[in-house]
Amino acid sequence: MSIHVAVVGAYGSAGAAVAGDLADDPEIELTLIDDGDPGGGLCILRGCMPSKEVLSAAEHRFAARKDERLVGEVPDVDIEAVVERKNEHTSGFAQHRRDAIAELAEQDNVEFIHDTARFVDDRVLDVDGRRIEPDYVVIATGSNVAIPPIPGIEDVPVGTSADVLDRTEFGDSAIALGLGYIGLELVPYLTEAADMDLTVVEALPDVLEEADEPFGEELLDYYKAHFDVDVLLDAEGTSVEQTADGGVRMTVDAGGETHTVEADELFAFTGREPALDRLGIENTSLSPGESWVSDTMQAAGDDRVFVVGDVNGREPILHVAKEEGFTAADNIRHHRDGDTLEEYENVHHHVIFSGLGVLPYARVGHSVESAEAAGLDFVTATRDASSDGVFKTKDVADGLARLVVGTDGTVLGYQGLHYHADVMAKTMQLAVEMELDVREIPDRAYHPTTPEVLDGLIGDTAAKLD
């Protein structure tokens, strides 16, 4: 049976995944819509790809500054050169994404419209005066920066992560709101590359909320020791205003104490929120909110509307967005054919390039806390990176790692806060997904630069099982 599917937000990672999957089905008429200018998706233009590029330059300076074996003047980061190269690369990546969508649109069953879509009724879209009534709609419009509602904030300039990635000049000091995954990556960049004095205002009492207790404390100690940053935890800005010299003054309540902080600039690294504001959702039966999108990617209120990627508010991570897109594409076909729909269940896999990538945090699968909450029987082992000779010789012997293993030997989870934790996470993701027995993981089945930490963890947990 032939059906018509409209994908709103086709340039993003989630929308492009849906489009690429459905385009090869001759029984599907596909309308792809995106008003991006130039277009290419958040991750490519303003997210994980450009951020890693700018972090790498600051990492090189940090490594030179931190290594006591090196002498001589530490070089400055040429921020203009950093931004120029970043722009060159991201423009190429974005062009590749746009070319991929354009290539799909060359097929007889696919049309691409470079314009804004807005709902005017249930599954009825208006695109520049054109009425489109598809059988299914996929919403993949991504997310917007979330600015906290601090009194007075609308009257002062607020920089975002996108601004940090694009700017070549900065003031001497700044207040940074938020030390979540965005702040953990960009705060060291501002101190190292832009030489800013930073005061961080974080609403939570700890950093690395998803991690077991020692990881957040370890990372915070590292930031205080190596970067010029003051961190106020369990803190809330109660007011902010512009000063006579063009700076900002913020009153902060931190743990019951009131602080007044002044700086040249204000940055908000307080996360993102679903980009639904221009979609005309109020003209439909859809009611966005907590848990409004099911594991089948269907929206509550209309089982022919699928919501994928950041816009559904579930887990705003690139690889998750793609998998949600593939799940939605499969389920559109299942729904059309009257078959049972699939549920997407993500194995937790998150990497934060904290400490300029020298001390990244990675978590795959269960932590101790989540395993306990799930009622699982398990053993766990933890090792300090300082026990790894390779890390010592590379002058990166900071942090720790932990394995969580079921009492039957099944690898349930890994956490790492150490050099190359991002690389080890890929290996451990396979171990979790394949439900490997920790005692059967072959020797050196991991990145060769991190043998002892992982080998030690495997041995420690295996010994506890035996």
Side-chain angles (χ1 to χ4, degrees), residues 1-34 41 100-113 117 119-127 130-142 274 276 279-281 283-288 291-315 317-347 433:
M1 180 179 67
S2 179
I3 58 171
H4 180 196
V5 179
V7 179
V8 182
Y11 277 150
S13 297
V18 177
D21 198 316
L22 295 181
D24 292 333
D25 190 329
E27 296 298 315
I28 293 179
E29 176 191 352
L30 194 57
T31 300
L32 309 179
I33 308 167
D34 201 297
I101 298 300
E103 185 176 346
L104 291 179
E106 293 176 0
Q107 300 177 199
D108 291 340
N109 63 321
V110 181
E111 176 188 18
F112 175 68
I113 305 174
F119 284 103
V120 293
D121 204 341
D122 285 323
R123 295 193 310 281
V124 180
L125 298 168
D126 177 85
V127 185
R130 174 180 167 186
R131 187 180 178 91
I132 300 176
E133 302 185 40
D135 299 294
Y136 296 88
V137 176
V138 178
I139 300 174
T141 47
L276 294 165
L279 270 176
I281 292 291
N283 300 320
T284 72
S285 301
L286 305 175
S287 298
S291 302
W292 74 293
V293 178
S294 70
D295 291 342
T296 61
M297 300 296 108
Q298 293 168 293
D302 192 331
D303 62 2
R304 289 175 178 257
V305 174
F306 291 77
V307 189
V308 294
D310 286 10
V311 70
N312 64 28
R314 291 165 60 94
E315 193 169 1
I317 301 175
L318 173 62
H319 70 272
V320 173
K322 290 182 176 180
E323 291 302 322
E324 289 178 348
F326 295 137
T327 299
D330 287 340
N331 282 340
I332 286 171
R333 286 188 287 259
H334 293 325
H335 194 276
R336 172 196 62 185
D337 299 337
D339 297 333
T340 302
L341 274 60
E342 302 173 0
E343 294 187 351
Y344 172 62
E345 183 178 356
N346 175 48
V347 171
E433 291 179 345

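Counting heavy atoms from C-beta on, the side chains of Phe119 and Leu125 come closer than 4.5 Å. Side-chain contact between Thr296 and His335: absent, with no pair of heavy atoms (C-beta onward) separated by less than 4.5 Å. Within the 4.5 Å cutoff, side-chain heavy atoms of Ile132 are placed close to those of Ile113. Within the 4.5 Å cutoff, the side chain of Arg314 has heavy atoms near those of the Asp295 side chain. Using a 4.5 Å cut-off on side-chain heavy atoms (C-beta onward), Leu286 and Ile139 make contact.
Under 3.5 Å, the side chains of Asn346 and Glu315 contain a donor-acceptor pair of N or O atoms. Side-chain polar atoms of Asp302 and Ser285 form no donor-acceptor pair below 3.5 angstrom.
Taking both residues in full, the closest heavy atoms of Trp292 and Ser287 are given as CB-O, 3.7 Å, listed atom of the first, atom of the second, then distance. When all heavy atoms of Ala117 and Ile33 are compared, the pair lying nearest together is CB-CG2, 3.9 Å. Nearest heavy atoms, Pro288 versus Leu276: CB-CD1, 3.7 Å. Heavy atoms only, all atoms of each residue included: Ala299 and Val307 are closest at CB-CG2, 3.8 Å. Listed here is the closest heavy atom pair of Val311 and Ala140: CG1-CA, 4.2 Å. Among all heavy-atom pairs drawn from Gln298 and Leu341, the shortest one is OE1-CD2, 3.2 Å.
Glu433 CD: more than 12 foreign heavy atoms inside a 6.0 Å radius.
The line from CD of Glu343 to CG of Asn331 is 9.0 Å long, rounded to the nearest 0.5 Å. A distance of 13.0 Å separates CG in Leu30 from CG in Asp108, rounded to the nearest 0.5 Å. Atom OH of residue Tyr136 and atom CD1 of residue Ile28 lie 9.0 Å apart, to the nearest 0.5 angstrom. We find the CD-OG1 distance between Glu345 and Thr327 to be 11.5 Å, quoted to the nearest 0.5 Å. Rounding to the nearest 0.5 Å places CG of Asn283 at 10.5 Å from CG of Asp126. Annotation: the span from Asp25 atom CG to Asn109 atom CG amounts to 8.0 Å, rounded to 0.5 Å.
We find that Arg333 and Asp21 are joined by a salt bridge, their nearest charged nitrogen and carboxylate oxygen being less than 4.0 Å apart. Salt bridge status for Arg336 with Glu27: absent, with no side-chain N to carboxylate O gap under 4.0 Å.
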Going through the checks in order, is the side chain to side chain contact (heavy atoms under 4.5 Å, CB included) test met by Thr31 and Val127?
CA-CA 11 Å; Thr31 300; Val127 185; over 6 Å; no
Test side chain to side chain contact (heavy atoms under 4.5 Å, CB included) on Glu133 and Asp121; report intermediate values, then the result.
CA-CA 9 Å; Glu133 302 185 40; Asp121 204 341; over 6 Å; no
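A donor-acceptor contact shorter than 3.5 Å links the side chain of Asp34 to the backbone of Tyr11.
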